A.B. asks: 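A single structure is presented below for examination.
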Amino acid sequence: MDPLLQKLNAAQREAVLHVDGPLLILAGPGSGKTRVVTHRIAHLLKQGVHASQILALTFTNKAAQEMRRRVEQLAPGERVWVSTFHRFGARLLRERADLVGLGQNFTIYDTSDSRQTLKRVIEAEKIPTMHYTADRIAAGISSAKNKLITADEYQPRSSSPLSSVVARAYPAYQERLLASSAVDFDDLLLHVAKLLKDNPEVRAELDSRFRYVLVDEYQDTNRAQYVILRALSLDYPNLAATGDPDQSIYGWRGADLNNILDFEKDYGQAKVIRLEQNYRSTKAILRAADMLIGHNQRRKKKALFTENDEGAPIRLVTYADQDAEASAIAQQIRAAIDSGERKASDFAVFYRINALSRSVERALRAHRVPFQMVRGQEFYQRKEIKDVLAYCQLINNPKDDVAFVRTVNSPTRGIGKKTLDALNDHAYRYGTPLLDAAREAGLIEGLAKRSATKLSQFVALVEKLASRAAGPVEEVIGSVITESGYRQRLVDSDDEEDASRLANIEELLTDARQFDEESEGEFEGGAGLEEYLERTWLVNETDNWEDDSDKVTLMTLHAAKGLEFPVVYLVAVEDGILPHERSSMDTQQLEEERRLAFVGITRAEQQLQLSLVRRRDFRGQRRMAVPSSFLMEMPTAEMDTDHGGQTFEIDPWEQFELPPEEEVWTDPNAAEPEESKPSISAAITTAAELSGEAAPKPSHPPQPHTRFSPDDFSLDMTVRHPEYGLGKIKSLSGAGKRRAATVEFALAGERRIVLAHSPLEPVGNKG
DNA sequence: ATATCCGAGATTTTT
DNA sequence: TCTCGGATAT
């Protein structure tokens, strides 16, 4: 038999052997998906398909690297294009930038660059924001872009005040991006999708060039990505999509689950293959995961199974508070390492929100357990790095306003806010980039002579630097930090923070040298500044997560996707955290939370511990925690609820009423737990109480003193809030003290308000 | 131009 | 409780 096919199960083999026509691989967790995809590429090559006809798209750099590495193993020397969606978009866009009105030297703005641009636009154009933050507006723009709605197509919905703000801001923002010859992350996809739609000959050419397109994590594609893939698979519909609807956790970023659910509808005669055998986890772990995800409606059913051992039962533990939770975990890990049973890198701790990492970090530190936290975007986000790179951006793309603003007074050159405001006004009035405006500084009214001179000096500096842009990147950056005075400023400073900044800049030089050396072989005379910049834009820190160092890994559930660990701890399996309170109102969002839990659980190979606490201090407030409703959807009866030799005798699932003085109260901004949901709570004797520690003091809500009782409010009623103004009640839930209303305010948008604790009052009619 | 003070707001974040 | 941004003071 073909050695390529050995060690593959029947379903995997079938997928690998598939050549022509659309293919959907539904790959359960740990089912050998990457192996199948890479083997399939190798098989295609063996069948005589040319490497240049194959395009493999992933979401992360890490995934792309891994895939490239494994293809190289199977088919050495073949140059298959494996890339992230965004990098692919950037490449294509550089070739055809003219078609969408960009220069080919366009800049890619990261999230904070684009946020800054939006703020300046709103300010300069005096766009009324109606109390919406730039972040909210940016999110609105982004979600429109994800849905492939362009600035001139965008229509506000009358039901959403935010959308009318977006309708004003979006075109202005987009115009400014274009004037700066810049794109944001979303544009990399939007422009490409639009380009393919509007230019049939380009589309046809690319469709035929990329005969075989493979996509990873298809469940996470948004509308723009869908359209791109579709455009590349019309004449040659050999699209192979790999994914798992049950692991779709980026709906909030625009991922559209329908893309994968409707694959067979979109691509006639699609072959669907299910990879259902799991090679990663024990039976006990897989069973719980499967049972949990079975509660989702929007999915494609899979019959997950494993030939692995039954394994240890899942542990389900309740601790007194988060410190007890964290130190117990740290202790367990410490003990396992000390006994030689495990090494640190065998462990991972997952949490729903970053804020929960604190206590775990502290405890691990206290127990001297080495750990690494996976936090995206560090190195390139550092101020000094961004500053220096901004000079490079400006050299590469003189229209880049963000780079201009960043560099113009850094190091300080006496160009302050006033100067910048005048310059900004001028630039917006004439629709020119800031650097061009600075060139004619002498002509700007309201600008002091001194300021104008300083601006001219800056322009001269930029021109001088630009004249050297063609050399090796290391030299370019070298002259930037010297000529700009940036290095000198840091050298002169006696702030120790600046010393480390200096070190970081030196590190950047090293990085650039490496880049020069690496690209030497690939391009004639090395790759240019632009390629270097593109790499800094599209690579992030998560890619640098060291999987070879012997440390415990701490990360959010989102970051955990695609990884696996022998032992996994999932903390704070509590109502309001997992599922997150912001998701509890909407079934689709709730299902996404369930998938998030599913992803977390299925990362575990041998052991899994789910934990929760009775009392959680969060945002300075103490709350009695309620076990996650997801726990009821898992086989808790077979789990091990024993904790550190101390047995909990009371059935954790016995329902009980909270004593009145310990009543959970909710702050006005927090969502109320669903009333219809059966409330479960752990009546467990905790270690703290056994050890005689005083019972937690009941916390007191601010005393409600309204003249109105919660029952005075009814549906559709018009109400007034001292802060948010007038609004209308859209829905009501809960009863008594917990009765809460969702109010649509004319100015402030939709808010959820717990009536007993709010100054909300009815207006006029009804009662 | 920098220090510092207050208030609001606070999921998740592949690129 | 903590952090970030805007406003104000020095």
Side-chain angles (χ1 to χ4, degrees), chain A residues 57-64 83-90 108-116 119 123 131 133-136 138-139 142 145-146 183-190 216-217 219-222 224-225 247-255 350-356 358-359 374-377 380-381 409-418 495 534-543 545 555-563 572 576-584 589 592-593 595-597 599-600 616-622 667-671 723 751:
Chain A
L57 294 172
T58 65
F59 278 81
T60 65
N61 291 299
K62 198 181 169 66
S83 162
T84 63
F85 266 103
H86 292 262
R87 209 181 260 267
F88 172 76
I108 301 170
Y109 283 169
D110 68 17
T111 315
S112 75
D113 293 340
S114 87
R115 194 62 33 90
Q116 206 191 318
K119 279 184 190 162
E123 206 178 331
H131 293 109
T133 60
D135 282 352
R136 293 284 302 278
S142 176
K145 287 185 172 183
N146 288 156
V183 299
D184 61 23
F185 285 143
D186 297 325
D187 283 340
L188 287 174
L189 305 174
L190 177 70
D216 199 21
E217 309 279 17
Q219 76 281 356
D220 289 333
T221 50
N222 62 27
Q225 285 157 332
Q247 294 181 63
S248 164
I249 54 177
Y250 286 102
W252 54 277
R253 284 283 283 108
F350 300 153
Y351 31 84
R352 173 66 241 261
I353 49 180
N354 284 122
L356 295 173
R358 280 193 113 86
S359 48
V374 177
R375 283 269 174 116
Q377 317 188 334
Y380 292 114
Q381 291 287 40
N409 201 35
S410 164
T412 51
R413 304 187 170 89
I415 300 173
K417 189 162 165 20
K418 268 192 99 174
D495 187 339
E534 187 156 311
R535 197 180 67 150
T536 68
W537 292 324
L538 297 179
V539 166
N540 80 52
E541 192 81 353
T542 322
D543 304 328
W545 172 68
M555 55 170 67
T556 63
L557 285 167
H558 282 88
K561 194 168 71 160
L563 305 175
I577 293 177
L578 181 67
H580 194 275
E581 60 187 353
R582 301 263 263 252
S583 311
S584 60
Q589 285 187 54
E592 182 152 311
E593 295 289 307
R595 292 194 289 268
L596 204 45
V599 165
R616 185 165 297 276
D617 293 323
F618 192 52
R619 287 190 203 151
Q621 282 174 2
R622 173 160 292 185
D667 79 292
N669 297 318
E723 196 182 342
R751 308 271 166 160

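Note: hydrogens, waters and symmetry copies are ignored here, and every other heavy atom, side chains too, is used. All of these numbers come straight from a predicted model, not from anything done at the bench. The sequence lines fix the lettering, A, B, ..., with proteins before strands; numbering per chain opens at 1.
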A.B. asks: Could you tell me whether A:H558 and A:W252 have their ring centroids closer than 6.0 angstrom?
C.D. replies: yes

A.B. asks: Nearest of B:dT13, B:dT11, B:dT14 to any side-chain atom of A:H558?
C.D. replies: B:dT13

A.B. asks: Using atom C1' of each nucleotide, how far apart are C:dT3 and B:dT14 to the nearest Å?
C.D. replies: 25 Å

A.B. asks: State which residue, out of A:L188, A:V183, A:I108, A:D110, fulfils the side chain to side chain contact (heavy atoms under 4.5 Å, CB included) condition with A:W537.
C.D. replies: A:I108

A.B. asks: Base, sugar-phosphate, or nothing: which does A:R87 touch, judged by heavy atoms less than 4.0 Å apart?
C.D. replies: nothing

A.B. asks: B:dT2, C:dT3, B:dT11: which one has an atom nearest the side-chain heavy atoms of A:R358?
C.D. replies: C:dT3

A.B. asks: Rounding to an integer number of Å, can you tell me how far A:H131 NE2 sits from B:dG7 C1'?
C.D. replies: 14 Å

A.B. asks: Assuming nearest nucleotide by heavy-atom distance, tell me which of A:G414 and A:Q589 is located more 5' along DNA chain B.
C.D. replies: A:G414

A.B. asks: A:Q219 has an atom CD; how far is it from atom P of B:dT14, in whole Å?
C.D. replies: 16 Å

A.B. asks: Would you give the length of the straight line joining atom OH of A:Y250 to atom NZ of A:K561, rounded to the nearest 0.5 angstrom?
C.D. replies: 6.0 Å

A.B. asks: Tell me: CD1 of A:I353 to C1' of B:dT12, nearest whole Å?
C.D. replies: 9 Å

A.B. asks: Pick base, sugar-phosphate or nothing for A:N354, based on heavy-atom distances below 4.0 Å to the nucleic acid.
C.D. replies: sugar-phosphate

A.B. asks: Rounded to whole Å, how long is the line connecting atom CD1 of A:I415 with atom C1' of B:dT2?
C.D. replies: 18 Å

A.B. asks: Any side-chain N or O of A:T556 under 4.0 Å from OP1/OP2 of B:dT13?
C.D. replies: yes

A.B. asks: Of the nucleotides C:dG6, B:dA1, B:dT13, which has the atom closest to the A:Y250 side chain?
C.D. replies: B:dT13

A.B. asks: Using atom CG of A:D113 as one end and atom P of B:dT13 as the other, report the distance to the nearest whole Å.
C.D. replies: 20 Å

A.B. asks: Which is true for A:G89 with a 4.0 Å heavy-atom rule: it touches a base, it touches only sugar-phosphate, or it touches nothing?
C.D. replies: nothing

A.B. asks: Let me know the distance between CG of A:D220 and P of B:dT13, rounded to the nearest Å.
C.D. replies: 14 Å

A.B. asks: Can you list the residues that meet the side chain to side chain donor-acceptor pair (under 3.5 Å) rule with A:N354, with sequence neighbours excluded?
C.D. replies: none

A.B. asks: NA contact type, A:N222, heavy-atom cut-off 4.0 Å: base, sugar-phosphate, or nothing?
C.D. replies: nothing

A.B. asks: Between B:dT11 and A:R352, counting only base atoms on the nucleotide and side-chain atoms on the residue, is there a donor-acceptor pair under 3.5 Å?
C.D. replies: yes

A.B. asks: CD1 of A:I577 versus C1' of B:dA10: gap in Å, rounded?
C.D. replies: 13 Å

A.B. asks: My understanding is that only one of A:R582, A:R352, A:H580 makes a side chain to side chain donor-acceptor pair (under 3.5 Å) with A:E593; could you say which?
C.D. replies: A:R352

A.B. asks: Rounded to whole Å, please give me the gap between CH2 in A:W252 and P in B:dT14.
C.D. replies: 8 Å

